[in-house]
Amino acid sequence: MPEITEAQIARLVEHFYARIRRDPVLGPVFHSAIGTEWDAHLDKLRRFWSAVMLRSGAYHGDPYTAHLRLPGLTPAMFDAWLGLFEESCRDLFPDATAQAFIDRAQRIARSLRMGLFERLPLRP
């Protein structure tokens, strides 16, 4: 894996979530969940990606529960999120660095999507 820095993570989070906020499908979902608390949310996302990419231990949240509470969330939104994320990574980084972020994001999105939308029925 290429060397990734906190500065790169911060740049990606800022660039990517600026795109999310302008997106006609994802923007309203984020706006309803975050409201005016974008600075705090971006800080949380920087800590999340630091923990994911650098194993820094900076994040201690629960992404599954946060997404579970979002009304109107659909599997297609994960695909849209991933598409914008991939574009942002490719805009900002050399191929190897972009791919490292993209690979991790795909695994996270797959796990969240499975947990949120493909749960097995409970046993009687």
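Heavy-atom basis, side chains included; hydrogens, waters and symmetry copies ignored.
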Just to verify, what does Phe48 make a ring-ring contact (aromatic ring centres under 6.0 Å, His included) with, not counting sequence neighbours? Tyr59
ring-ring contact (aromatic ring centres under 6.0 Å, His included) partners for Phe16, two or more places apart: Trp81, Phe85
Is there a path of hydrophobic side-chain contacts, each under 4.5 Å between heavy atoms, that joins Ile102 and Met53? no
Residues which pass side-chain contact (heavy atoms from CB on, under 4.5 Å) with [X], listed by chain and number, not counting sequence neighbours:
| X | value |
| --- | --- |
| Ala18 | Arg22 |
| Thr5 | Ala7, Gln8 |
| His67 | Pro63, Leu70, Leu73, Leu112, Leu116 |
| Ser32 | none |

Nearest atoms (heavy-atom pairs only) where [X] meets [Y]:
| X | Y | value |
| --- | --- | --- |
| Cys89 | Ala98 | O-CB, 3.6 Å |
| Val52 | Arg104 | O-NH1, 2.6 Å |
| Ala58 | Ala51 | N-CB, 4.1 Å |
| Pro75 | Arg113 | O-NH1, 3.7 Å |

[atom1]/[X] to [atom2]/[Y] distance, rounded to the nearest 0.5 angstrom?
| X | Y | atom1 | atom2 | answer |
| --- | --- | --- | --- | --- |
| Leu12 | Leu92 | CG | CG | 6.0 Å |
| Ile20 | Leu84 | CD1 | CG | 5.0 Å |
| Ser56 | Trp49 | OG | CH2 | 12.5 Å |
| Leu82 | Arg110 | CG | CZ | 9.0 Å |

Parallel, tilted or perpendicular: which fits the ring planes of His41 and Tyr17, with parallel below 30° and perpendicular above 60°? perpendicular
Sequence-distant partners of Asp62, side chain to side chain donor-acceptor pair (under 3.5 Å), two or more places apart: Thr65
Can you list everything that forms a salt bridge (Lys or Arg N to Asp or Glu O under 4.0 Å) with [X]? Sequence neighbours excluded, please.
| X | value |
| --- | --- |
| Glu6 | none |
| Glu37 | none |
| Asp23 | none |

Could you list all the side chain to side chain donor-acceptor pair (under 3.5 Å) pairs where at least one residue sits in residues 82-103, not counting sequence neighbours? His15-Asp91, Arg19-Glu87, Arg19-Ser88, Arg19-Asp91, Glu86-Arg90, Arg90-Gln99, Gln99-Asp103
Working note: Ile9 + Leu45, criterion side chain to side chain contact (heavy atoms under 4.5 Å, CB included); need CA distance, chi angles, decisive distance, verdict. CA-CA 9 Å; Ile9 290 168; Leu45 292 166; over 6 Å; no
